[in-house]
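Heads up, the thing below is written out as structure tokens.
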Amino acid sequence: MTASVIAGSGSFLPPRSVSNDELAAELATRGVETSDQWIVERTGIRQRHIADRGVGTTDLATAAARAALADAGVAADEVDLIVVATSTPDQVFPSTACAVQANLGTPGGAAFDVQAVCSGFVYALATADALIQAGRARCALVIGAETFSRILDWTDRSTCVLFGDGAGAVVLKAANAPGVLAANLHADGSQGRILYNTGALSYGEATGDPFLRMDGQAVFKLAVNVLSQSAREACEAAGLTLDQVDWMVPHQANVRIIQALGRRLGVPAERVIVTVDQHANTSAASVPLALDAARRDGRLQPGQLVLMQGVGAGFTWGSVLVRL
Ligand code: ACO
């Protein structure tokens, strides 16, 4: 059977970074009280990137895709599959993936979006790997891209300090040896009410609440539980132990979730990639942004075993274990 390998990665962050102090000053003008100290202590976040008005998820996704293609040395017209993970598309349809394909000027291959919120990239990567293994595609662009700043209630301090905008991408190519060693995807729809956005278009009208709402403590507990189960499941499926994994690249929601996960699994902090301090939570973009940052700064090396993990609204979660 054909396997898939990560041939390159890329990412894009909007140029405007906003520190906690800058955000706190801006929120104070709206009567919302927060501080750098509270945000760092409870989340580890120090800054986030925010897209300017007029810049959309498609723009971020296209820039990340171009960077990944350049890194892989792959021409855009070799791509026969584009999967974009996003919960903040610029429009209902066409999909972000089709808009990215148009920007790259490469019509013909399949292009579709995956909506699994902060698990989106892991869902998209596992899907692209399965399509390559089945012989339905040879060269995929897998992208996570979000503009979460557009769905935040900037008067709700318990959520608006947590998120940022950005995009990350990988080129996944057919190969004789993996590559992707194991993947698992899970969901529990009965947990839908701990993190949600009920905004919708219905009969020509915008309905529901356009903003993200969250029960932070419930999300925290569930995330640590399901991610630790999913990590063990991925290693077992590949016939490996967690000790053999060189790097964990977990979803970047909160440094305390990442630390609790490491403790639960017995994985030391030196083997866990953390970018939430710089990017905040970029939902589906967080894992490919972290992966790309760590590849570019030389921590992730060819031949190493990397466990990528997503968890998010739905509730959804999953893991992809890869040999680089
Ligand atoms: N600045 C200052 N004070 C704040 C802020 C803020 N930004 N936000 C909340 N507070 C206050 C609350 O009002 C509360 O005040 P009170 O005691 O006077 O009522 C106090 O801080 C404690 O609030 P809690 O909600 O109990 O704080 P907690 O320690 O649980 O931290 C947090 C909140 C950071 C959201 C935490 O629950 C968490 O990290 N949860 C995980 C959720 C997460 O990361 N979600 C991301 C999306 S989901 C995903 O990606 C998987």
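One-based numbering, in listed order, for ligands and for the atoms of each. Not measured: the values here are computed from a predicted model.
- Annotation: atom 7 (N) of ligand 1 to nearest protein heavy atom, Arg157 O, 2.9 Å.
- Closest heavy-atom approach to atom 48 (S) of ligand 1 within the set Ile257, Leu195, Val226: this belongs to Leu195.
- Compare Glu41, Gln217, Arg256, His251 by their heavy atoms: the one nearest to atom 30 (O) of ligand 1 is in Gln217.
- Protein non-hydrogen atoms do not reach within 4.0 Å of atom 14 (C) of ligand 1.
- Put simply, the side chain of Gln252 gets close to the backbone of Ile273: a donor and an acceptor are under 3.5 Å apart.
- The shortest contact between atom 43 (C) of ligand 1 and any protein heavy atom is with Met214 SD, 3.9 Å.
- Put simply, atom 17 (O) of ligand 1 has no protein non-hydrogen atoms near it, under 4.0 Å away.
- Side-chain contact between Arg213 and Asp156: present, with at least one pair of heavy atoms (C-beta onward) separated by less than 4.5 Å.
- Ring orientation note: the planes of Trp317 and His186 are close to parallel, at an angle under 30° on the 30°/60° scale.
- Summary of contacts: the protein heavy atom closest to atom 1 (N) of ligand 1 is Thr34 OG1, 2.7 Å.
- Distances between N or O atoms of Asn254 and those of ligand 1 include at least one value under 3.5 Å.
- Among Phe148, Trp38, Trp317, the residue whose heavy atom sits closest to atom 20 (C) of ligand 1 is Trp38.
- Of the candidates Arg42, Gln37, Lys221, the one placing a heavy atom closest to atom 22 (C) of ligand 1 is Arg42.
- The closest side-chain heavy-atom distance from Arg295 to Asp71 is below 4.5 Å.
- Per-residue contacts place Cys118 under 4.0 angstrom from the following atoms of ligand 1 (heavy atoms of the residue considered): 49 (C), 50 (O).
- In this structure the side chain of Trp154 reaches within 4.5 angstrom of the side chain of Ser149, judged on heavy atoms.
- Checked against a 3.5 angstrom limit, the closest N/O atoms of Phe315 and ligand 1 fall outside it.
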